[in-house]
Amino acid sequence: MVIDGYENAPLTAGEDLLSLPGFWPAYLLWLCQTEDNEPDPGWFGADEADTDAAYEALSDEQRWPVFRVPFGAGHTAVVVGRNLADDAGTEYFISHPEWDRPGHLATIDGHHAGPGLSWRELAHIAATPDRDATGVHAPGVRLLLLLPALGDADLPSEATGLVADALVQVGVTDDEAPGLAQALLEDHPLWEPVEWTLPGVSPLSGGEDPFSGILYCDDPHSPRSGIRLAQGITRDQSDRLARALGTWPTQASANREYRGALRTRPLGSSR
């Protein structure tokens with residue numbers, strides 16, 4: 001597997017790791033950490049041994065796992081485990097075969113950058129898999145894989161329920177899912193919730209922003225703050241990206257799409 005910017009890295013498809021019994025606590029447990037919560041693998045229905053085994057697989061320096069989340073118009077959200085011995089982290093970005101370089105969403109490491117997704121974008125991507133492309137297609141799994149990149153001050157009231165539904169899809173019990181969903185959304189360890197807005201009219205563009213339709217956030221530490229998500233793309237490519245991200249549909253329609261997609265998957269399906 002070769003990805004722009006990672007030509008010399010030992011990348012490997014990571015989707016098979018989703019079946020490990022300790023995958024979800026290994027991937028998400030850090031995100032549950034708050035002043036009031038001491039994370040427990042048991043919340044995910046896993047024990048410490050399974051969680052440790054999954055964490056070792058996720059952090060293997062010889063095999064960097066890549067999770068692909070294909071969505072509309074040929075775009076793919078990509079999660080890369082950057083397993084350098086002295087600079088480990090997780091990268092989130094969007095790629096398209098027509099682009100010269102990927103669009104950076106977020107970085108989880110000691111020099112983190114984020115957030116990278118609004119709730120509207122996250123819910124829409126999760127609900128719109130490209131089933132002809134290789135990668136993860138189950139809406140609940142897609143939502144949870146991209147959840148660490150989320151940061152949104154305007155979460156809708158149904159967000160906790162939608163995350164809880166996704167957790168049930170990957171094996172969390174009905175009793176544990178609501179509280180775990182709240183913990184995952186409540187207090188991101190690396191950044192504060194942010195405001196997302198469409199770009200304003202540029203005074204240099206004759207009253208029309210040539211790359212409208214894609215959200216910006218107000219956190220200066222985010223790759224999405226005052227900078228276009230994808231650099232070097234055409235207006236047509238930007239418009240296709242905006243539609244694929246679900247920026248233009250209303251928030252309510254994005255949530256309806258996600259919930260409808262989630263209901264089409266059999267219980268326990270992970271791909």
Side-chain angles (χ1 to χ4, degrees), residues 1-20 23-24 26-28 31 54-55 57-84 88-109 113-118 121-150 166 169-170 223-224 229-230 233 237 240-246 257-258 261-262 264-265 268-271:
M1 179 180 294
V2 177
I3 296 176
D4 289 342
Y6 295 86
E7 289 81 359
N8 298 318
L11 301 180
T12 184
E15 288 85 10
D16 286 346
L17 298 182
L18 293 167
S19 62
L20 293 176
F23 175 84
W24 289 110
Y27 185 75
L28 289 176
L31 195 56
Y55 183 79
L58 283 168
S59 57
D60 188 342
E61 295 176 12
Q62 305 304 314
R63 295 172 60 85
W64 295 12
V66 177
F67 301 93
R68 294 156 293 183
V69 180
F71 61 109
H75 300 90
T76 301
V78 183
V79 184
V80 176
R82 191 190 66 238
N83 295 334
L84 292 169
T90 306
E91 301 282 357
Y92 296 81
F93 57 87
I94 289 176
S95 67
H96 191 281
E98 295 178 0
W99 297 358
D100 292 333
R101 48 186 164 172
H104 186 198
L105 292 175
T107 298
I108 306 294
D109 63 9
L117 287 170
S118 69
E121 294 166 329
L122 174 60
H124 188 79
I125 290 171
T128 55
D130 179 351
R131 299 191 182 281
D132 294 326
T134 301
V136 178
H137 300 127
V141 178
R142 293 159 65 86
L143 186 81
L144 296 175
L145 279 173
L146 298 177
L147 188 63
L150 173 69
Q169 289 286 315
V170 300
R224 307 273 314 266
L229 173 54
I233 64 174
Q237 290 170 331
R240 280 184 277 152
L241 174 60
R243 289 191 291 269
L245 289 170
E257 281 182 323
Y258 173 73
L262 190 63
T264 66
R265 301 298 299 176
S269 175
S270 63
R271 299 287 289 278

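Here CZ of Phe23 is found 4.5 Å from CG of Leu18. Values are rounded to the nearest 0.5 Å. Taking CG of Leu241 as the start and NE2 of His96 as the end, the distance is 9.0 Å to the nearest 0.5 Å. Put simply, CG on Leu146 and CZ on Phe71 are 8.5 Å apart, with the number rounded to the nearest 0.5 Å. In this structure, the separation between OG1 on Thr90 and CZ on Arg82 is 8.0 Å, given to the nearest 0.5 Å. Separating the CG atom in Leu245 from the CD1 atom in Ile94 is a distance of 5.0 Å, to the nearest 0.5 Å. Note that the CG atom of Leu229 and the CG atom of Leu105 stand 5.5 Å from one another [nearest 0.5 Å].
Although no hydrogens or angles enter the test, the distance criterion places no donor-acceptor pair under 3.5 Å between the side chain of Arg142 and the main chain of Leu122. Checked by atom type and distance alone, the side chain of Arg101 never pairs as donor or acceptor with a backbone atom of Asp4 at under 3.5 Å. The closest donor-acceptor contact from the side chain of Asn83 to the backbone of Trp64 lies at 3.5 Å or more, if one exists at all. Checking side-chain atoms of His137 against main-chain N and O of Asp130 turns up a donor-acceptor pair under 3.5 Å. Between the side chain of Glu15 and the main chain of Arg68, a donor-acceptor pair closer than 3.5 Å is present. Distance alone, capped at 3.5 Å, places no donor-acceptor pair between the His75 side chain and the Ile125 backbone.
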Starting from the C-alpha separation in whole Å, work towards a yes-or-no answer on side-chain contact (heavy atoms from CB on, under 4.5 Å) for Gln237 and Glu98.
CA-CA 9 Å; Gln237 290 170 331; Glu98 295 178 0; 3.2 Å; yes
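Ring geometry for Trp24 against Tyr27 counts as perpendicular: the plane angle is over 60°, on a 0 to 90° scale with 30° as the lower cut. By the 30° and 60° cut-offs, the orientation of the rings of Phe93 relative to Tyr6 is parallel.
Counting only N and O atoms by type, the side chains of Thr12 and Arg63 include a donor and acceptor under 3.5 Å apart.
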